[in-house]
Participant: 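Quick one: the structure is below, questions incoming.
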Amino acid sequence: QVQLVESGGGSVHTGGSLRLSCATSGLPYSNNYMAWFRQAPGKAREGLAALDRDGRTAYADSVKGRFTISQDVANTILYLQMNSLEPEDTAMYYCAARSSFRPRMIASTPPRPENLNYWGQGTQVTVSS
């Protein structure tokens with residue numbers, strides 16, 4: 001059974017930093033494709049960053065240069081380092097993984113929800129001015 005559990009959210013002021021973690025279980029060692037999303041109240045879920053099996057990354061323009069997606073050496077924890085946070089970054093943040101039974105996916109464009117199969121419960125990030 002695949003499980004994704006996010007942590008690391010919290011409240012910071014403008015310009016602050018947070019590192020989100022997503023502990024995974026039940027995924028194969030060299031997982032296909034993983035990503036971070038966020039959703040603010042009344043808005044659609046936004047794909048932020050993707051990481052594929054070969055280590056390629058892709059970012060949304062809204063976070064490029066400020067956020068970094070990475071994974072630990074055991075490929076069991078997905079991270080999102082967030083710097084220079086702004087009030088517009090306030091949202092619930094989710095990690096997601098693509099099933100290894102689906103075709104391999106390359107991280108070349110920001111992630112889209114329909115390409116992911118497993119989701120965590122989310123962690124709240126609040127940025128105040």
Participant: Please report the interatomic distance CD(Gln3) to CD(Gln121), rounded to the nearest 0.5 Å.
Facilitator: 10.0 Å
Participant: Does Asn115 offer a backbone N or O that forms a donor-acceptor pair with the side chain of Arg98 under 3.5 Å?
Facilitator: yes
Participant: Work out which heavy atom in Pro111 is nearest to a heavy atom in Ala49; give both atom names and the distance.
Facilitator: CG-O, 3.6 Å
Participant: Group every Ile, Leu, Val, Met, Phe, Trp and Tyr by side-chain heavy-atom contacts under 4.5 Å, then state whether Val12 and Leu80 land in the same group.
Facilitator: yes
Participant: Asn83 side chain to Ser17 main-chain N or O, any donor-acceptor pair under 3.5 Å?
Facilitator: no
Participant: Main chain of Glu46, side chain of Arg112: is a donor-acceptor contact present, judged purely on distance under 3.5 Å?
Facilitator: no
Participant: Answer whether the closest heavy-atom distance between the side chains of Thr24 and Tyr118 falls below 4.5 Å.
Facilitator: no
Participant: Tell me, yes or no, whether the heavy-atom count around Glu114 atom CD, taken from other residues, nucleotides or ligands under 6.0 Å, exceeds 12.
Facilitator: yes
Participant: What distance do Met82 atom CE and Thr68 atom OG1 have between them, rounded to the nearest 0.5 Å?
Facilitator: 11.0 Å
Participant: To the nearest 0.5 angstrom, please state how far the CG atom of Leu116 sits from the SG atom of Cys95.
Facilitator: 9.5 Å
Participant: Over all heavy atoms of both residues, which pair between Arg38 and Ala91 is shortest? Give the atoms and the distance, please.
Facilitator: CB-CB, 3.9 Å
Participant: For the backbone of Ser84 and the side chain of Arg66, can you confirm whether one donor and one acceptor N or O come within less than 3.5 Å of each other?
Facilitator: yes
Participant: List the atom of Leu27, the atom of Met34, and the distance in Å for their closest heavy-atom pair.
Facilitator: CD1-CE, 4.1 Å
Participant: With heavy-atom distances below 4.5 Å as the criterion, would you say the side chains of Val125 and Thr90 are in contact?
Facilitator: no
Participant: Please answer whether the main-chain N or O of Glu6 pairs with a side-chain N or O of Thr123 as donor and acceptor at a distance below 3.5 Å.
Facilitator: no
Participant: Please test Ile69 against Leu78 for side-chain contact (heavy atoms from CB on, under 4.5 Å), starting from the C-alpha separation and ending with a verdict.
Facilitator: CA-CA 7 Å; Ile69 188 172; Leu78 185 71; 3.9 Å; yes
Participant: Less than 4.5 Å apart, any side-chain heavy atom of Trp36 and any of Cys22?
Facilitator: yes
Participant: What distance do Leu20 atom CG and Tyr93 atom OH have between them, rounded to the nearest 0.5 Å?
Facilitator: 7.5 Å
Participant: Which atom pair, heavy atoms only, marks the closest approach of Val2 to Gly26?
Facilitator: CG2-O, 3.6 Å
Participant: Could you tell me the separation between the OG atom of Ser129 and the CD atom of Glu86, rounded to the nearest 0.5 Å?
Facilitator: 11.5 Å
Participant: Ignoring hydrogens and geometry, is there a side-chain-to-backbone donor-acceptor pair from Asn117 to Ser99 under 3.5 Å?
Facilitator: yes
Participant: Do Thr14 and Leu85 come close enough that some side-chain heavy atom pair is under 4.5 Å?
Facilitator: no
Participant: Measure the OG1-CD distance between Thr57 and Gln71 for me, rounded to the nearest 0.5 Å.
Facilitator: 12.5 Å
Participant: Considering non-hydrogen atoms only, spot the tightest contact between Tyr33 and Thr109 and give its length.
Facilitator: OH-O, 4.2 Å
Participant: Report yes if some heavy atom in the side chain of Leu4 is under 4.5 Å from a heavy atom in the side chain of Tyr94; otherwise report no.
Facilitator: no
Participant: Can you confirm whether or not the ring centre of Phe37 sits under 6.0 Å from the ring centre of Trp119?
Facilitator: yes
Participant: On a heavy-atom basis, which atom in Pro110 and which in Ala60 lie closest, and how many Å separate them?
Facilitator: CG-CA, 3.8 Å
Participant: Indicate yes or no for a side-chain donor-acceptor contact from Asp52 to the backbone of Ile106 under 3.5 Å, with no hydrogens or angles considered.
Facilitator: no
